[in-house]
Amino acid sequence: MKLNEGVLTKATEPEKVDAFMRTLTHPLANVVEALRRIILSADREIGEEIKWNAPAFFFSGEMKPFNPKEHKRHVVVFNLHQKDCVRLVFLSGERVDDKSGLLEGDYTDGRRLALFHNTEEVKSKRTALQSVIRKWIDTLDKN
């Protein structure tokens, strides 16, 4: 098991996400862009990249070494397979004690989902989404 020795931070790649967004043909592309802005504004150490063929957001700050296959940095990844909603997949959402009702599911691997069907839902769930992200960051094993 190789640890990310010496890799205490992770660089963000907004230009790759910008390029992805320019070619996105999803019917809810405006919802995706609004969610992207909200996620990035939740904390100054949130970075972004394209992972698993979609925008993904991670903690870019210093962390203690860990096995990169554990994806400990990754907060949330977009799932754009459905055309009538945008799914945000919190890979380890079980770590957040979400009382708002934003996170759904009880997957054994720890995933939780947040679903958005329109811009009104984005607006109404903005505070809950940012709160979940901040709580998640508080659970990290930082340096």
Separation of M21 CE from T23 OG1 (nearest 0.5 Å): 9.0 Å

Nearest non-hydrogen partners of A42 and I133, listed with the distance: CB-CG2, 3.8 Å

Shared hydrophobic cluster, F58 / I38 (ILVMFWY, side-chain heavy atoms < 4.5 Å): no

OG-CG distance between S131 and D98, expressed to the nearest 0.5 angstrom: 7.5 Å

R112 side chain vs R95 backbone, donor-acceptor pair below 3.5 Å: no

Test item: I137 and I46 side chains (from C-beta on) under 4.5 Å apart, heavy atoms: yes

Pairwise side-chain contact, V89 with V76, heavy-atom cut-off 4.5 Å (strictly under): no

E49 side chain to H74 side chain, donor-acceptor N/O pair below 3.5 angstrom: yes

Spacing of L80 atom CG and Q82 atom CD [to the nearest 0.5 Å]: 10.5 Å

Verdict with reasoning, V77 to F57, per side-chain contact (heavy atoms from CB on, under 4.5 Å): CA-CA 6 Å; V77 179; F57 301 85; over 6 Å; no

Heavy-atom pair of closest approach, residues F20 and N53: CE1-O, 3.6 Å

L35 side chain reached by F116 side chain, heavy atoms, under 4.5 Å: yes

V75 versus F59, closest heavy-atom pair with distance: CG2-N, 4.1 Å

Atom pair OG (S124) and CG (L129), whose distance is rounded to the nearest 0.5 Å: 11.0 Å

R87 side-chain N/O to L115 backbone N/O, donor-acceptor pair under 3.5 Å: no

Contact summary for G110 and E94, nearest pair of heavy atoms: O-OE1, 2.6 Å

Gap separating the CE atom of M63 from the CZ atom of R73, nearest 0.5 angstrom: 5.5 Å

Side chains of W52 and N79 in contact at under 4.5 Å (non-hydrogen atoms): no

Between CG on residue L113 and CG on residue L88, distance to nearest 0.5 Å: 9.0 Å

Of all pairs that satisfy salt bridge (Lys or Arg N to Asp or Glu O under 4.0 Å), the ones with a partner from residues 30-44, not counting sequence neighbours: D18-R36, E33-R36, E33-R37, R36-E48

For G93 against L103, the heavy-atom pair lying closest together: O-CD1, 3.9 Å

Salt bridge (Lys or Arg N to Asp or Glu O under 4.0 Å) contacts touching residues 121-136 (sequence neighbours left out): none

Heavy-atom closest contact (A56 atom, K51 atom, distance): CB-CB, 3.7 Å

Flag, side chain of S60 to backbone of T12, donor-acceptor distance under 3.5 Å: no

Side chain proximity check, V96 to F90, heavy atoms < 4.5 angstrom: no

